[in-house]
Colleague: 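Please see the structure below; I have some questions.
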Amino acid sequence: MSTIQLRTPIPGPRSQALMRRRNAAIPQGAFHATPIFIAKAEGAVIEDVDGNHLIDFAGGIGCLNTGHRPPAVVDAIRRQLDRFLHTSFNVLPYESYVTLAERLNAITPGRFAKKTVLFNTGAEAVENAIKIARFYTKRPAVICFEDAFHGRTYMAMSLTSKTHPYKAGFEPFPGDVYRIPFAYCYRCSYSLQYPACEVHCARHLEDTFKRVVAAESVAAVIVEPILGEGGFVTPPAEFYSTLSQICRKHGILLIADEVQTGFARTGANFACERFGLQPDLITMAKSLGGGLPLAAVTGRAEIMDAPGVGQLGGTFAGNPAACEAALAVLDLMEKEDLNARANHLGEVFRKRAAEWQRRWELVGEVRGLGAMQALELVRSRATREPADTETKEVSQFCYEHGLVTITAGSYSNVIRLLMPIVITDAQMDEALGVLEAGLAAVVEKRGAAVQMA
Ligand SMILES: Cc1ncc(COP(=O)(O)O)c(C=O)c1O
């Protein structure tokens with residue numbers, strides 16, 4: 001029996017009525033990728049307010065690697081509800097925060113003494129990683145990348161690349177932020193080809209120190225190991241070995257933003273491991289809390305200890321229910337070997353996607369690691385013109401046929417997979433069938449121009 005069951009056209013009447021209320025009460029800026037209001041969810045399946053069952057390939061934007069409401073996480077939260085809900089760790093500390101810090105210190109890449117501080121959101125973790133890096137190095141500048149996304153607060157927005165809708169109109173941004181091209185080989189900023197390029201993009205950092213900002217002024221380079229909102233751009237491993245080498249040479253800290261890539265998404269606890277990268281600081285959020293808001297910065301102990309007493313924190317940072325949820329998430333990752341499962345899902349997808357790429361010119365590139373996979377859609381293989389409208393159409397086809405997907409990319413032409421890693425093989429197969437039908441429908445609508453000869 002299929003998982004997807006549609007009783008009404010999508011969106012159904014109840015979703016439509018709620019959307020009317022939403023439009024009257026909530027500003028348009030708080031966007032949503034679908035017009036579907038949810039009633040409940042479990043694993044990789046959601047039920048909307050009209051009784052339709054859909055498969056979730058968005059996972060709350062990558063927050064549900066362990067699925068909707070995993071019983072062990074729900075139980076851990078329930079037990080905490082009967083003890084206390086909030087004290088602020090900055091007033092009355094509790095054990096779960098300490099245990100979580102110990103566990104993150106142990107599982108994050110890098111065999112050196114580490115410490116961890118908790119926050120609520122990814123943007124807050126990024127803000128604090130920059131605070132810590134500047135305080136430790138006593139240097140002002142931060143280097144970030146084209147196509148990066150680090151959040152919506154002011155420093156995080158300054159580090160983010162995409163102008164619309166994230167930055168335009170919100171200027172001025174905090175200063176001393178410098179941006180260099182990422183290893184986006186499909187659209188190389190230097191028009192070079194890997195591997196002949198010898199990762200020129202990473203080596204170019206030395207040039208940046210001569211022409212843009214002095215190395216001795218730079219506190220940190222912040223990078224997503226695989227770009228998230230930027231379209232799941234996956235660099236060659238040498239990119240990171242070169243980048244680390246240059247940072248080390250100049251006493252610059254390397255911050256890995258693992259907010260979207262962490263917690264088994266790429267087939268490893270952290271994407272850094274896939275590249276042999278040992279950053280000085282790591283930012284985490286999203287799937288850490290199993291659906292509750294929780295974020296962390298973990299890093300070398302001497303760096304983390306640089307800010308003095310009272311210089312880091314926040315009223316709700318490290319909420320006790322979220323800490324208990326996170327401990328259950330870490331247990332599940334291990335117990336259910338989610339890394340192996342993520343790699344399996346990646347292989348299933350790649351097999352299907354390779355066929356789509358053979359059949360349709362529209363599918364320009366298939367990329368990713370583990371269960372962090374994406375399709376970059378183009379109008380022509382020769383010009384690589386981004387197929388943004390087509391991407392929107394595929395995504396709309398999907399949700400209208402029972403699969404929730406989200407898009408990404410600076411050119412809004414990437415379909416990304418962020419399904420719960422606990423999705424069953426049958427659900428995965430059914431979901432990929434919908435995605436395939438969506439691609440086929442858009443190719444057919446647009447005619448032979450996007451169909452391979
Ligand atoms: C890599 C990365 N960093 C930071 C953030 C910001 O996280 P949040 O939305 O929890 O503030 C995101 C969110 O998508 C992200 O993908």
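Small disclaimer: the values here were computed from a predicted structure and weren't measured. As the structure lists them, so they are numbered: ligands from 1, and atoms in each ligand from 1.
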Colleague: Within the 4.0 Å heavy-atom shell around E229, which atoms of ligand 1 are there?
Modeller: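 It comes down to these atoms of ligand 1: 14 (O).
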Colleague: Under 4.0 angstrom from ligand 1, any heavy atom of G228?
Modeller: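 G228: no contact with ligand 1 (<4.0 Å).
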Colleague: Do E376 and R367 sit within salt-bridge range, that is, some charged N less than 4.0 Å from a carboxylate O?
Modeller: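 Judged by the 4.0 Å cut-off on N to carboxylate O distance, E376 and R367 do form a salt bridge.
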Colleague: Take F239 and F182 through the test ring pair (Phe, Tyr, Trp, His ring centres under 6.0 Å) and record every step on the way to the result.
Modeller: CA-CA 9 Å; F239 178 69; F182 190 70; 5.2 Å; yes
Colleague: Quick one: nearest non-hydrogen protein atom to atom 3 (N) of ligand 1, plus distance?
Modeller: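 Nearest protein contact, heavy atoms only, for atom 3 (N) of ligand 1 is D257 OD2, 2.7 Å.
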Colleague: Tell me which protein heavy atom sits closest to atom 11 (O) of ligand 1, plus the residue, atom name and distance to 0.1 Å.
Modeller: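 Minimum-distance protein heavy atom for atom 11 (O) of ligand 1 reads A123 N, 2.8 Å.
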Colleague: Kindly compute the distance separating OG1 (T298) from CD (E258), expressed to the nearest 0.5 Å.
Modeller: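 Answer rounded to 0.5 Å: 10.5 Å.
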Colleague: In terms of side-chain geometry, is the basic nitrogen of R384 or E365 positioned less than 4.0 Å from the acidic oxygen of its partner?
Modeller: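 Salt bridge absent between R384 and E365.
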Colleague: Does ligand 1 have any atom that is closer than 4.0 Å to a heavy atom of K286?
Modeller: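 True for this residue.
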Colleague: Would you mind checking if K162 and D147 are paired as a salt bridge, meaning a charged N to carboxylate O distance below 4.0 Å?
Modeller: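 Looking at D147 and K162, the cut-off is not met.
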Colleague: Show which atoms of ligand 1 fall inside a sub-4.0 Å distance from at least one heavy-atom site of E224.
Modeller: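 Counting from 1, the qualifying ligand atoms are 1 (C).
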Colleague: In terms of side-chain geometry, is the basic nitrogen of E42 or R69 positioned less than 4.0 Å from the acidic oxygen of its partner?
Modeller: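 Salt bridge present between E42 and R69.
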Colleague: Within the 4.0 Å heavy-atom shell around F149, which atoms of ligand 1 are there?
Modeller: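 Checking each atom against F149, I get 1 (C), 2 (C), 3 (N), 5 (C), 12 (C), 13 (C), 14 (O), 15 (C).
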Colleague: For atom 16 (O) of ligand 1, find the nearest protein heavy atom and state the residue, atom name and distance (0.1 Å precision).
Modeller: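 Ranked first by proximity to atom 16 (O) of ligand 1 is Q260 NE2, 2.8 Å.
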Colleague: Looking at ligand 1, does I61 have a heavy atom less than 4.0 Å from it?
Modeller: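 No; I61 lies far enough from ligand 1 that no heavy-atom distance drops under 4.0 Å.
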Colleague: Against heavy atoms of T121, which atoms of ligand 1 measure under 4.0 Å?
Modeller: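 Counting atoms of ligand 1 from 1, those under 4.0 Å from T121 are 10 (O), 11 (O).
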Colleague: Can we say R83 and E324 salt-bridge, meaning some charged N sits less than 4.0 Å from an Asp/Glu carboxylate O?
Modeller: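 Result for this pair is yes, salt bridge flagged.
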Colleague: Are the side chains of L118 and C323 in touch, meaning some heavy atoms are under 4.5 Å apart?
Modeller: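 Yes; the side chains approach each other to less than 4.5 Å.
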Colleague: Looking at ligand 1, does any of its N/O atoms fall within less than 3.5 Å of an N/O of G122?
Modeller: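 It does: an N or O of G122 is found under 3.5 Å from an N or O of ligand 1.
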